Each structure stands twice: as structure tokens, then as C-alpha cells.
Student: 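Got a structure for you, written out below as C-alpha cells; questions coming shortly.
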Amino acid sequence: MALTLSDLSEMDRDYVPSLVNIRDMDCEQLDAMDFPFSTPNSEGRHVPLSSRHTVVNRHNRAEYVHAALQFRLHEFELQTRWVREGVARVVPVPLLALFTGYELETMVCGSPEIPIHLLRSVTTYKNVDANSHLVAWFWEVMEELTNAERSLFLRFVWGRSRLPRTLSDFRGRDFVLQVMDKYQPPDSFLPESYTCFFLLKMPRYSSKEILREKLKYAIHFCKTIDTDDYARFAFQPERVLEFDSGSDSDTEDLISTDDFDDSGLSNAES
């Protein structure tokens, strides 16, 4: 399966928009920038993309964007080949062809959809009755969250963005909801999490509204476990290009030399 712009955007969400800016930039402004004909790799080091060009200008920007995309899309081919060889020692590679990419991803990583009933089935409670109003409020709020917010919740309490695929895949690891009475007054405190133990410590909030407010604040803004912002952006990528990025030809067509005339002006501009 060929890599696409969506794959690149998941790894580096700012990269493709930056190339779009170069594609659409005013010619005189681009020429004045003295922008190097190189691109940063995944480590942040700049890699030259041509032996003929040193800077990007109106005449070579199509070539630059194409070269930059090809470099980033194929940057990890060697590592991918070694991963594939490692997987082949566990699973016969021909068997992988029986599954779609989505099916294989689900089996390995879990479903991107987060079913609350599955989380609830592996929950244990400490210092609170499972039938209490507080627990009922908690699950009502969880049901109201969007799937992206549920992913943020998992990142907050467990350091991961998906649930295991089935109940057996949890392998005895329960989600623990513990109510703490030491927080006084409880409505002035945020919940705490211990990702190593899949544990959420929650004050004894006085209402569902307060619980919702504090929990949503915590999952959106308490981001120590999510310093790369993966959970915040991986599931709602911005659409920066108005074309289907599902094939190599679409990638190559991000900028085509046919889009520019001999002066470097785009055909739309001229």
C-alpha cells in the first residue's frame, strides 16, 4: 500500500501546509526569500534536494515541492523494510494480504472508535459505590464525549489513544475509578490520573455539570503525557488540500509543471 499525503500529515501536520504556501506564494515574494532548496528530515536536519539548485524560486518551485514530498514519503523505507522482515518472522507475510489496511491496524492497535460499554465492562471502583449518582454522572459524561475526546481521555488516564480490540485483549488490566475525599471543597479540584495503573482519581463532585467541566478541562489541557500533541490532532486532521490524496499520482500532482507558465506564474494567476 503506497504512502499518501494523509500518512505524512499524521507524522508532521505542518509539513504539507508549508509546501502549499510555497506553491501559492507570490512570485516576487518567493524570489526574495532566498529559500534553500532543502528540506528538514524527521530529526530536524536540512537535507539538500538537488545538485542543480541551491534556492527555491518561481521557476523551480514545482520541482522543489515534488522532491520534498518524495523525500519525506520515502524517508523511512529502509526502516520499514526491517520492520516488515521482523513481522515476517512472526506472521507469514502472504497472510497479511487477506486483510485490508484498516483491518490489520485494528487487530494490532485496536479500533479508532472507542466504545464506552467496553471500557465500562473492565472498570473497578474504589471508595465509591458502582450504583452511586457520581458514577452514573461519570458514565453519562463519557457517553456524551466525542470520539476524539474519548481518545484524549484515554491518553490522560492510560497514556494511549485507543482501547484494546476485545475484552480478552485487556489481559486482566482494569480501569480503576477512585473517588478521593481529601479534596475539599471537591468542586475546586481537577481529577488526577496515574497512567501506569490505568487509574483515575476523582473528587466527589456535587453535580454532573461540575464533573463534566473538570473532566473536559483535564483531558484537554493537562497534557504531560501528550507532549507531541498526537492525541489532539491525529483524529481530526485539517484538510489543507482540495484533492483526493489516496494515491501516488495525487501526491505527484500536488504541483505539476503544467500549473506554471514560463515566467513562473501559476496559470490561475496569469
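Note that these values count all heavy atoms, side chains included, but never hydrogens, waters or copies made by symmetry. Please read all numbers here as calculations on a predicted model, not as lab measurements.
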Student: CE of Met25 to CG of Asp31: how many Å apart, nearest 0.5 Å?
Tutor: 10.5 Å
Student: Taking only residues two or more places apart in sequence, or in another chain, which ones meet Arg81 in a side-chain hydrogen bond (donor to acceptor under 3.5 Å, both in side chains)?
Tutor: none
Student: Would you call the rings of Phe198 and Trp158 parallel, tilted or perpendicular, taking 30° and 60° as the class edges?
Tutor: parallel
Student: Is any side-chain heavy atom of Leu200 closer than 4.5 Å to one of Phe156?
Tutor: yes
Student: Please evaluate residues Ser132 and Tyr125 with respect to the criterion side-chain contact (heavy atoms from CB on, under 4.5 Å), reporting the C-alpha separation (whole Å), side-chain torsions for both, the decisive distance (0.1 Å), and the verdict.
Tutor: CA-CA 11 Å; Ser132 67; Tyr125 304 93; over 6 Å; no
Student: Heavy atoms only: give me the nearest Pro112-Tyr102 pair and the separation to one decimal.
Tutor: CD-OH, 3.8 Å
Student: Compare every heavy atom of Ser38 with every heavy atom of Tyr64, then report the nearest pair and how far apart it is.
Tutor: OH-O, 2.9 Å
Student: Atom CD of residue position Gln79 - does it have more than 12 heavy atoms of other residues, nucleotides or ligands inside 6.0 Å?
Tutor: yes
Student: Which residues pass the side-chain hydrogen bond (donor to acceptor under 3.5 Å, both in side chains) test with Asn127, not counting sequence neighbours?
Tutor: Asp181
Student: Grouping I, L, V, M, F, W and Y whenever their side-chain heavy atoms are under 4.5 Å apart, do Phe99 and Val83 come out in a common cluster?
Tutor: yes
Student: Less than 4.5 Å apart, any side-chain heavy atom of Val176 and any of Phe197?
Tutor: no
Student: Not counting sequence neighbours, which residues clear side-chain hydrogen bond (donor to acceptor under 3.5 Å, both in side chains) with Ser168? List them please.
Tutor: Thr166
Student: Check for a donor-acceptor pair, side chain of Ser161 on one end and backbone N or O of Ser151 on the other, with a separation under 3.5 Å.
Tutor: no
Student: Rounded to the nearest 0.5 Å, what separation is found between the CZ atom of Phe175 and the CZ atom of Arg120?
Tutor: 11.5 Å
Student: Look at the side chain of Asn57 and the backbone N and O of Asn60, then say whether any donor-acceptor pair between them is shorter than 3.5 Å.
Tutor: yes
Student: Find the distance between OG1 (Thr4) and CG (Asp7) and round it off to the nearest 0.5 Å.
Tutor: 4.0 Å
Student: With distance as the sole test, does Thr123 use its side chain to make a donor-acceptor pair with the main-chain N or O of Leu119 at under 3.5 Å?
Tutor: yes
Student: Side-chain heavy atoms under 4.5 angstrom apart, residues restricted to Ile, Leu, Val, Met, Phe, Trp, Tyr: same cluster for Val141 and Leu199?
Tutor: no
Student: Looking only at heavy atoms, which two atoms of Pro191 and Tyr205 are closest? And how far apart?
Tutor: CD-OH, 3.2 Å
Student: Passes side chain to side chain donor-acceptor pair (under 3.5 Å), Tyr183 versus Glu192? Steps please.
Tutor: CA-CA 11 Å; Tyr183 302 112; Glu192 297 179 7; 2.7 Å; yes
Student: Are the side chains of Phe153 and Leu215 in contact, using a 4.5 Å heavy-atom criterion?
Tutor: yes
Student: Partners of Arg89 by salt bridge (charged side-chain N to carboxylate O under 4.0 Å, His left out), sequence neighbours excluded?
Tutor: Glu85
Student: For Arg150 versus Ile114, what's the shortest heavy-atom pair and its separation?
Tutor: NH1-O, 2.8 Å
Student: Working to the nearest 0.5 Å, report the span between CG of Leu8 and CG of Leu19.
Tutor: 8.0 Å
Student: Kindly give the heavy-atom pair with the smallest separation between Ser9 and Val16, and that separation in Å.
Tutor: OG-CG2, 3.7 Å
Student: Do Asn41 side-chain atoms and Glu75 backbone N/O form a donor-acceptor pair below 3.5 Å?
Tutor: no
Student: Can you get from Leu69 to Phe71 by hopping between Ile, Leu, Val, Met, Phe, Trp and Tyr side chains that sit under 4.5 Å apart?
Tutor: yes
Student: Specify whether Trp137 and His133 have parallel, tilted or perpendicular ring planes, treating 30° as the upper limit for parallel and 60° as the lower limit for perpendicular.
Tutor: parallel
Student: For Lys208, give me all partners under salt bridge (charged side-chain N to carboxylate O under 4.0 Å, His left out), at least two apart in sequence or on another chain.
Tutor: Glu140, Glu144
Student: Show your working on side-chain contact (heavy atoms from CB on, under 4.5 Å) between Leu167 and Val122 and close with a plain yes or no.
Tutor: CA-CA 8 Å; Leu167 187 61; Val122 296; 3.1 Å; yes
Student: Flag the pair Phe37 / Val56 as yes when at least one side-chain heavy-atom distance between them is below 4.5 Å, and no otherwise.
Tutor: yes
Student: Is the side chain of Lys214 donor-acceptor paired with the backbone N or O of Asp187 at a distance under 3.5 Å, no angle test?
Tutor: yes
Student: What's the spacing between Met202 CE and Leu177 CG if we round to 0.5 Å?
Tutor: 4.5 Å
Student: How far apart are the closest heavy atoms of Cys27 and Arg61, and which atoms are they?
Tutor: SG-NH2, 3.4 Å
Student: Does Val87 share a hydrophobic cluster with Leu98, counting links as ILVMFWY side-chain heavy atoms below 4.5 Å and allowing steps through other members?
Tutor: yes
Student: Which distance, rounded to the nearest 0.5 Å, do you find between the CD1 of Ile219 and the OG of Ser193?
Tutor: 11.0 Å
Student: Any heavy-atom pair between the side chains of Arg160 and Thr195 that's under 4.5 Å?
Tutor: no
Student: Identify, with sequence neighbours excluded, every residue that meets side-chain hydrogen bond (donor to acceptor under 3.5 Å, both in side chains) alongside Glu77.
Tutor: His74
Student: Answer with yes or no whether the hydrophobic clustering places Met33 together with Val20; edges join I, L, V, M, F, W, Y residues whose side-chain heavy atoms lie under 4.5 Å apart.
Tutor: yes
